Amino acid sequence: MLHLPGPLYLQIVSHCLGGLPDEACGLVAGDPATGEVAACYPTRNLAASAKLYTVDPKEHLRADRDAGDRGLEILGVFHSHTHTEAYPSPTDVAQAPDPTWHYIIVSLRDTHPVLRSYRIRDGKVTEEQVLVSAR
Amino acid sequence: MPVEVRLPTLLRPAAGGTTTVTAEGSTIGEVLRNLVGAHPGLAGQVLTEKGALHRFVNVYVNDDDVRYLEQLETPVTDGDEISILPAVAGG
């Protein structure tokens, strides 16, 4: 399960909308034991594409250090799908680096953004529940 | 000379479970080859079979991505901090 405080949920969706027409991406950090997200790091999409994303490596390093300074760990990545549903694409599955990470996808295909989260282990995709709390 | 290398969560189990390891070398390539030599579980995860930097990782000297420096030939000097992170991308 992914526990996402409301303000961070809004930050993720807002960054994804702001990235249109391209895909947007970023990292989330928190406590790996509980899956509770405590920080969100919107990053540039170096691929600058409506179909691909690449988290800017320098921003990733900064996020990783900031999370470490705050006693957190990078727990996963979010990115948007501009014209498809919120489900990992074959590219997402092939390039998923870490089986312990949460893979959050925001679909902007329909009138309202749809946020879903997955675990990807050995090419197998499992959806997880997302609990959005007030704060 | 020995330098500190920060490992991502994913690679820590193959290197004794610690966040930071020490490896010798005067270039990034030497440091990474020595790192894999000391921790064979990292083989194929940091460098490819042909010895190139694996495309699924990013390696940094201090704040800079070595792909934008001199890649594996990037010099390493005393006190530099080397970091390895997963390359995060998709579609």
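Proteins come first, then strands; the chains are lettered A, B, ... in the order of their sequence lines, and each starts at number 1. Note that the coordinates shown come from a computational prediction; the quantities given were computed from them, not determined experimentally.
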Exercise for review: Evaluate whether atom CG of A:Asp122 has more than 12 neighbouring non-hydrogen atoms of other residues, nucleotides or ligands under 6.0 angstrom away.
Suggested key: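 Open: at most 12 neighbouring heavy atoms sit under 6.0 Å from CG of A:Asp122.
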Point to revise | Within 6.0 Å of CZ in A:Arg109, more than 12 heavy atoms from elsewhere | key: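 Atom CZ in A:Arg109 is crowded, with more than 12 foreign heavy atoms closer than 6.0 Å.
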Identify whether [X] and [Y] are in the same connected component of the hydrophobic contact network (ILVMFWY, side-chain heavy atoms under 4.5 Å).
X        : Y        : result
A:Leu108 : A:Leu10  : yes
A:Val132 : A:Val114 : no
A:Val77  : A:Val37  : no
A:Val13  : A:Leu4   : yes
B:Leu11  : B:Tyr60  : no

Exercise for review: Tell me, out of A:Pro97, A:Cys25, A:Ala47, A:Pro57, who's got the most heavy-atom pairs with chain B below 4.5 Å.
Suggested key: A:Pro57
Check your understanding: Below 4.5 Å, heavy atoms only, C-beta onward: do B:Pro86 and A:Asp98 meet side chain to side chain?
Key ->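 No, every pair of side-chain atoms sits at 4.5 Å or beyond.
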Practice item. Using a 4.5 Å cut-off on heavy atoms from C-beta on, say whether the side chain of A:Pro99 contacts that of B:Leu10. Key: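 Yes - at least one pair of side-chain heavy atoms lies under 4.5 Å apart.
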**Study point:** Shortest non-hydrogen contact from B:Gly91 toward A:Ser89
**Key:**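 In this case the closest contact between B:Gly91 and A:Ser89 is C-OG, 3.8 Å.
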Review point. What are the two closest heavy atoms between A:Leu61 and B:Leu85, and how far apart are they?
Key: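 Shortest heavy-atom contact: CA-CD1, 3.6 Å.
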Review point. To the nearest 0.5 Å, what is the distance between CG (A:Asp64) and CD1 (B:Ile84)?
Key: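 So the gap between those two atoms works out to 12.0 Å.
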Practice item. Any chance you could measure B:Asp63, atom CG, to A:Arg65, atom CZ, to the nearest 0.5 Å? Key: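 Atom-to-atom, B:Asp63:CG and A:Arg65:CZ are 4.5 Å apart.
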Any donor and acceptor pair, going by atom type alone, linking the side chain of [X] with main-chain N or O of [Y] inside 3.5 Å?
X       : Y       : result
A:His60 : B:Val88 : no
A:Asp92 : B:Gly90 : no
A:His79 : B:Ala89 : no

Check your understanding: Is it the side chain or the backbone of B:Glu81 that comes within 4.5 Å of chain A heavy atoms, both, or neither?
Key ->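 Only the side chain of B:Glu81 comes within 4.5 Å of chain A.
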Check your understanding: So what's closer than 4.5 Å to chain A heavy atoms on B:Arg6: side chain, backbone, both or neither?
Key ->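 Side chain of B:Arg6 only, per the 4.5 Å heavy-atom cut-off to chain A.
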**Study point:** A:Ile105 versus chain B, the contacting section by heavy-atom distance below 4.5 Å
**Key:**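 Contact with chain B involves no heavy atom of A:Ile105 at all.
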Review point. By a 4.5 Å heavy-atom criterion (distance strictly below it), what part of A:Ala94 contacts chain B: side chain, backbone, both, or neither?
Key: backbone
